[in-house]
Amino acid sequence: YLSNGDGPTGNWFLKDISYLQTKPILGALRNAFAPLGVSIELWDRHFVAAEKRLLRIFAFNDYQRDCEAELRVGIVDLNGDWVLQKCENIHIGASSSTVRTVEIEFPRAAGVFRVRGEIRRKESSALAAFSEKPALVFEQIVPTDRQSNRRVCLLDAGGEVREFLQSRHIQPVDWDAELFDRSHTFLVNGESLRTRAYEPSKDRLALRVSDGATLILIEPEVGIEGECEVDVLEGVTLRISKRVDEDRGGYDSYVFPEDNKNELWNGIPPNALKMFNGAFGGEVVSQHDVIPSAQHKILARCGLGLNVLAAAEIPYGGGRIILSRLQVRGRLVEQGGKGLYDRRVDPVAQRLLFNLLAL
């Protein structure tokens, strides 16, 4: 543990051991295993300005005696200054823990913040331990004029995309409506690509896309077990296979754009593509490989070695097909779930959908 810093076991300290200058990892471990500790139960990272949340705060006492402590919970900015804070005195029994529920309101202006919890012994003002979670705060997500004025023809078996667009005063065109041949954008969500409603429209759709329209496919792999090929348009198929990698969960929580300046990422900073609200591990891309048969440009990657396609653009005549595997499902409108891993409204997922409509 204590070494001179020269060998493989000497990776806890910087410079000469006589200085005892700890590396950040040792400081993090010291905080995590502090006998008087605190932990914030919060998996989400994306919030709307002025949003209120109930947080469960866990306080731990590993000493063999009761402890009187001060608990402080709130929001700090990137300088560490408190934007909001709530304090209370708590009693924690010997070798036990306690849970407090605290309501916090996020700042009314967009920005990058951290949710922070601190615990101190009552007899001392010294900080015993802290817990922090990143918090990206966004303004209410509304469409631009360009997005609102797009005529969007929608095939959405689950209905969530339609409900969200209507809540933002965008009335999508029904897939079998007369306006099909005059729509600018065609959006097919999830398993809708494999329904009977899609098959008869492929020839008409191919003509529209060839003439300059855009076809958007969102998470076409939903519900697929094993392997299959899905026909999109003439000359374009998707080979979809579910991976077997149980040792690491299968899904991916971090997505990396190829070009941050691409219109698809407007208003979405790169760190906002790391964990979406709700689901195990903030899942963003599922445990599938989706490979287009046609030439395509990769817009985003994920996975070990960044070898998993997360988003792509496929040229098709004078138009294009946009494939997005980023999961907006369950994150566009309130689903009512209260479980820790239930998907919740995510402003980044909402922004992503509007960006897709603007392409």
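Count residues from 1 along the sequence. Hydrogens, waters and symmetry mates play no part in the numbers below; they use all other heavy atoms, side chains included.
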_Considering all heavy atoms, the nearest A34-D62 contact_ = O-OD2, 4.2 Å

_Identified side-chain contact (heavy atoms from CB on, under 4.5 Å) partner of H296 from the options L323, I314, I321_ = I314

*Do other residues, nucleotides or ligands put more than 12 heavy atoms under 6.0 Å from the CD atom of E334?*
yes

*If every non-hydrogen atom of R329 is compared with every non-hydrogen atom of V222, which pair is closest and at what distance?*
NE-CG2, 3.9 Å

_Backbone N/O of H46 and side chain of D44: donor-acceptor pair under 3.5 Å_ = no

_T185 OG1 to R150 CZ distance, which is reported to the nearest 0.5 Å_ = 4.5 Å

*If only atom types and distance count, is the side chain of S183 paired as donor or acceptor with the main-chain N or O of L179 below 3.5 Å?*
yes

_For Q85, I'd like to know if atom CD has over 12 heavy atoms of other residues, nucleotides or ligands within 6.0 Å._
yes

*Check step by step if side-chain contact (heavy atoms from CB on, under 4.5 Å) holds for L357 and L165.*
CA-CA 11 Å; L357 298 184; L165 293 179; 3.8 Å; yes

*Verify the neighbour count for atom CD of E178: are there more than 12 heavy atoms of other residues, nucleotides or ligands below 6.0 Å?*
no

*Looking at CG of N271 and OH of Y254, how far apart are the two atoms once the value is rounded to the nearest 0.5 Å?*
9.5 Å

*Apply the test side-chain contact (heavy atoms from CB on, under 4.5 Å) to residues L207 and D181: give CA-CA distance (whole Å), side-chain angles for both, the deciding distance (0.1 Å), then the verdict.*
CA-CA 9 Å; L207 290 174; D181 293 319; over 6 Å; no

*Do V161 and F276 belong to the same hydrophobic cluster, where Ile, Leu, Val, Met, Phe, Trp and Tyr are linked whenever their side-chain heavy atoms lie under 4.5 Å apart, directly or via other members?*
yes

*Do the rings of F180 and W175 sit parallel, tilted or perpendicular, given the 30° and 60° boundaries?*
perpendicular

_Taking CG in D203 as the centre, count heavy atoms belonging to other residues, nucleotides or ligands within less than 6.0 Å. Is the count above 12?_
no

*asked:* For the aromatic rings, using the six-membered ring if either is Trp, is the centroid distance between F354 and F164 under 6.0 Å?
replied: yes

*Hey, are the side chains of E313 and L359 touching, using non-hydrogen atoms and a 4.5 Å cut-off?*
no

_Under 4.5 Å between side-chain heavy atoms, counting indirect links through other Ile/Leu/Val/Met/Phe/Trp/Tyr residues: same cluster for L356 and L233 or not?_
no

*asked:* Tell me whether K297 at atom NZ has more than 12 heavy atoms from other residues, nucleotides or ligands lying less than 6.0 Å away.
replied: no

*side-chain hydrogen bond (donor to acceptor under 3.5 Å, both in side chains) with K242: which of E221, E225, E227?*
E225

_Any side-chain to backbone donor/acceptor pair from D346 onto R331? Under 3.5 Å, distance only._
no

*asked:* Measuring only between side-chain heavy atoms, which start at C-beta, is L136 closer than 4.5 Å to V348?
replied: no

*About how many Å separate CG of L84 and CZ of F106, when rounded to the nearest 0.5 Å?*
9.5 Å

*Taking everything shown except Q295 itself, do over 12 heavy atoms lie less than 6.0 Å from its CD?*
no

_Side chains of L309 and P292 in contact at under 4.5 Å (non-hydrogen atoms)_ = yes

*Within a strict 4.5 Å, meaning less than it, do heavy atoms of the L304 and D252 side chains meet?*
no

_Where L352 and W265 come nearest, the two heavy atoms and their spacing_ = CD1-CZ3, 4.1 Å

*Between E118 and R120, does at least one N-O distance fall below 4.0 Å, as a salt bridge requires?*
yes

*Is there a side-chain contact between L332 and E163, using heavy atoms and a 4.5 Å cut-off?*
no

_Could you tell me if the side chain of L273 sits less than 4.5 Å from the side chain of L326, heavy atoms only?_
yes

*Is there a side-chain contact between Y251 and F280, using heavy atoms and a 4.5 Å cut-off?*
yes

*For the atom pair OG1 (T101) and CD (E41), what is the distance rounded to the nearest 0.5 Å?*
9.0 Å

*Quiz item: cation-pi between R116 and F130, 6.0 Å / 45°*: yes

_Checking S241 against R239: is there a side-chain donor and acceptor pair closer than 3.5 Å?_
no

*Which atom pair, heavy atoms only, marks the closest approach of N355 to N266?*
ND2-O, 2.8 Å

*Out of curiosity, L154 CG to R162 CZ, how far, rounded to the nearest 0.5 Å?*
5.0 Å

*What heavy-atom pair brings R194 and P220 nearest, and what distance separates the two atoms?*
NH1-O, 2.7 Å

*Within a strict 4.5 Å, meaning less than it, do heavy atoms of the R243 and D289 side chains meet?*
yes

*Minimal non-hydrogen separation, R114 against D77, with atom names*: NH2-O, 3.7 Å

*Answer yes or no on whether R351 is positioned over the face of F138, meaning its NZ or CZ is under 6.0 Å from the six-membered ring centre and within 45° of the axis.*
no

